[in-house]
Amino acid sequence: MKKVLLFLLFAFPSVGCDLCGCANSNAFLGLMPASNRGFMGVRYRYQNFTSHVTSTVLKTEESFQTTELWGRFFPINKVQVMAILPYAIHTQKQIAQQQSIQISGLADPTLFVHYSLVNTLLDSTLHEVNQSLLVGAGLKPALGKFRYEESNPNQVANANFQLGTGSTDWMLNALYNIRYAAWGINADAQYRFPGENPDSYRFGARSSVAMTLFYAYGRGHKITLMPYVNTTLEYAARDSRAGLSIENTGGGIQWLGAGLEAYSKRFVFGLNFAKPAAQNLSNGELQAIDRFSLHISYLF
């Protein structure tokens, strides 16, 4: 049970940048434990948006569903590797025409490598206040489809509606956690450096900062519950094509969310729901509605 508590109390229920809801957002790390246990699992994410909100002709409702295989292992001491392989289903409903278009397939995978600079739970000294700090970098190769035909009425001629970005991107990430007894606070910061794809399109740089307050209830029992609340700030610079900035792209948003994690000796189940508290996306032409996620993972 001690290993489960290490996993639980140094978990990071964070969120990534989802400005446009698709493959151009930051990698969604979700639960990022800082203990010494690996895991494999499945995670489902749903989020929806309204775009072209000021137009009665172009207004659309868009939903993005992603099912991910994810896992983590430790190749050497203090180093953890995390991989995410997503399958996405994107749906766009044109309000005026009452028509829907859907695309599905593999999206861009993500690989993260983190190094543990501090983890007081794993040293030989007892501490009243425990903390951990992970720093790392990530790589997102181009696997999901990006190409589309602007003249094809059966396709959505929108860079934000593709399964992938068509580019190779790099990310920097830092995760900090501090805990006293059953209470804890953690912070997650991430920055993404997008590359340019073969269509000369480059998504704007993305950054996000998340803060979470959690409480571990029922420690020492077969099932441990961890309710939490969090807030996330996200920002994206404007996209560009052939070096020219594109209007009505980028922006910022603040999310407020709540969730619950349930832990046993071998399994972890979690869910999270969040709504925007403030937003200004694509100069007001994009409106985020809400997002939801759930996961189940096996510990080893």
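Judged purely by distance below 3.5 Å, without hydrogens or angles, the side chains of E261 and H295 pair a donor atom with an acceptor atom. Checking S245 against S240 by side-chain atom types alone, no donor-acceptor pair falls below 3.5 Å. Under 3.5 Å, the side chains of Q47 and S63 contain no donor-acceptor pair of N or O atoms.
Here the straight-line distance linking atom CD1 of I103 with atom CD of Q162 works out to 5.5 Å at 0.5 Å rounding. Summarising the geometry, atom CG belonging to L175 is positioned 10.5 Å from atom OG1 belonging to T212; distances are rounded to the nearest 0.5 Å. In this structure, OG on S132 lies 10.0 Å from CG on L117, to the nearest 0.5 angstrom. Rounding to the nearest 0.5 Å gives a distance of 6.5 Å between CD1 of I253 and CD of E234. The CD atom of E196 lies 10.0 Å from the CZ atom of R241; values are rounded to the nearest 0.5 Å. The distance from atom CG of L133 to atom OG of S116, rounded to the nearest 0.5 Å, is 7.5 Å.
Within the 4.5 Å cutoff, the side chain of N283 has heavy atoms near those of the R238 side chain. Put simply, the side chain of P75 reaches to within 4.5 Å of the side chain of V81, judged on heavy atoms. In this structure, V113 and V79 have side chains that are in contact, with non-hydrogen atoms separated by less than 4.5 Å. V42 places a side-chain heavy atom less than 4.5 Å from the side chain of L69. Taking 4.5 Å as the limit, some side-chain heavy atom of N160 sits within range of a side-chain heavy atom of D239. In this structure, the side chains of T60 and K93 stay at 4.5 Å or more apart for every pair of heavy atoms. Contact annotation: the side chain of L233 never approaches that of W255 to less than 4.5 Å [non-hydrogen atoms, C-beta and beyond]. At least one side-chain heavy atom of T168 sits under 4.5 Å from a side-chain heavy atom of L139.
With R291 contributing its side chain and F273 its backbone, the two residues share no donor-acceptor pair below 3.5 Å. R206 places a side-chain N or O within 3.5 Å of a backbone atom of G204 that can act as its donor or acceptor partner. For T67 (side chain) and R43 (main-chain N/O), no donor-acceptor pair under 3.5 Å exists by modelled atom type. A distance-only check finds no donor-acceptor pair linking the side chain of Q287 to the backbone of G284 [under 3.5 Å]. With K275 contributing its side chain and I289 its backbone, the two residues share a donor-acceptor pair below 3.5 Å. With hydrogens and angles ignored, the 3.5 Å screen pairs a side-chain donor or acceptor of D108 with a backbone N or O of T165.
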Trace of the side-chain contact (heavy atoms from CB on, under 4.5 Å) decision for Y176 with Q131: CA-CA 7 Å; Y176 175 76; Q131 58 184 332; 2.6 Å; yes
Under the side-chain contact (heavy atoms from CB on, under 4.5 Å) rule, what do E61 and N48 come out as? Steps first, then yes or no, please. CA-CA 7 Å; E61 295 177 349; N48 59 337; over 6 Å; no
side-chain contact (heavy atoms from CB on, under 4.5 Å) evaluation trace for T91 with I101: CA-CA 6 Å; T91 304; I101 297 176; over 6 Å; no
Does the pair S282 and T249 meet the rule for a side-chain hydrogen bond (donor to acceptor under 3.5 Å, both in side chains), with working shown? CA-CA 4 Å; S282 301; T249 59; over 6 Å; no
Determine, stepwise, if the pair K140 / S167 fulfils side-chain hydrogen bond (donor to acceptor under 3.5 Å, both in side chains). CA-CA 8 Å; K140 185 204 69 61; S167 63; 4.6 Å; no
Test side-chain hydrogen bond (donor to acceptor under 3.5 Å, both in side chains) on T54 and E285 and set out the steps. CA-CA 7 Å; T54 61; E285 288 297 323; 2.6 Å; yes
Step by step, work out the side-chain hydrogen bond (donor to acceptor under 3.5 Å, both in side chains) result for S100 and Q92. CA-CA 5 Å; S100 296; Q92 183 189 79; over 6 Å; no
Between E68 and R45, does the side-chain contact (heavy atoms from CB on, under 4.5 Å) criterion hold? Intermediate values first, please. CA-CA 8 Å; E68 300 168 330; R45 297 189 289 125; 3.0 Å; yes
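Remark: R192 fails to qualify as a cation-pi partner of W170 under the 6.0 Å distance and 45° angle criteria applied to the six-membered ring.
Nearest heavy-atom pair across Q279 and A288 is OE1-N, 2.8 Å. For the pair A137 and L172, the tightest heavy-atom approach, listed with the atom from each and the gap, is CB-CD2, 4.2 Å. When all heavy atoms of N173 and F112 are compared, the pair lying nearest together is CB-CE2, 3.9 Å. Across all their heavy atoms, V129 and T120 have their closest contact at O-OG1, 4.3 Å. L271 approaches Y228 most closely through the heavy-atom pair O-OH, 3.7 Å. The shortest heavy-atom contact between A142 and G166 is CB-C, 3.6 Å.
Within a 6.0 Å radius of NZ in K78, other residues, nucleotides and ligands contribute 12 heavy atoms or fewer. Enclosure of atom CD in E247 is not indicated, since only 12 or fewer non-hydrogen atoms of other residues, nucleotides or ligands lie within 6.0 angstrom. Within 6.0 Å of atom OH in Y180, 12 or fewer heavy atoms from other residues, nucleotides or ligands are found, so the atom counts as exposed in its surroundings.
Taking the six-membered ring for Trp and thresholds of 30 and 60 degrees, Y201 and F146 have ring planes inclined between 30 and 60 degrees apart.
Linking Ile, Leu, Val, Met, Phe, Trp and Tyr whenever their side-chain heavy atoms come within less than 4.5 Å puts Y215 and V229 in one cluster. One hydrophobic cluster holds both F292 and F269 under the rule that ILVMFWY side chains link at heavy-atom gaps under 4.5 Å. Criterion: ILVMFWY side-chain heavy atoms under 4.5 Å apart, direct or through other members. Under it, M211 and W183 are part of a common hydrophobic cluster. By the criterion of side-chain heavy atoms lying less than 4.5 angstrom apart, applied directly or through intervening Ile, Leu, Val, Met, Phe, Trp or Tyr residues, I246 is grouped together with F203 in one hydrophobic cluster. The cluster map of Ile, Leu, Val, Met, Phe, Trp and Tyr, joined by side-chain heavy atoms under 4.5 Å apart, puts F73 and L85 in different clusters.
If you run ring pair (Phe, Tyr, Trp, His ring centres under 6.0 Å) between F39 and each of F300, Y298, W70, only W70 comes through.
The aromatic ring centroids of F193 and Y191 lie less than 6.0 Å from each other.
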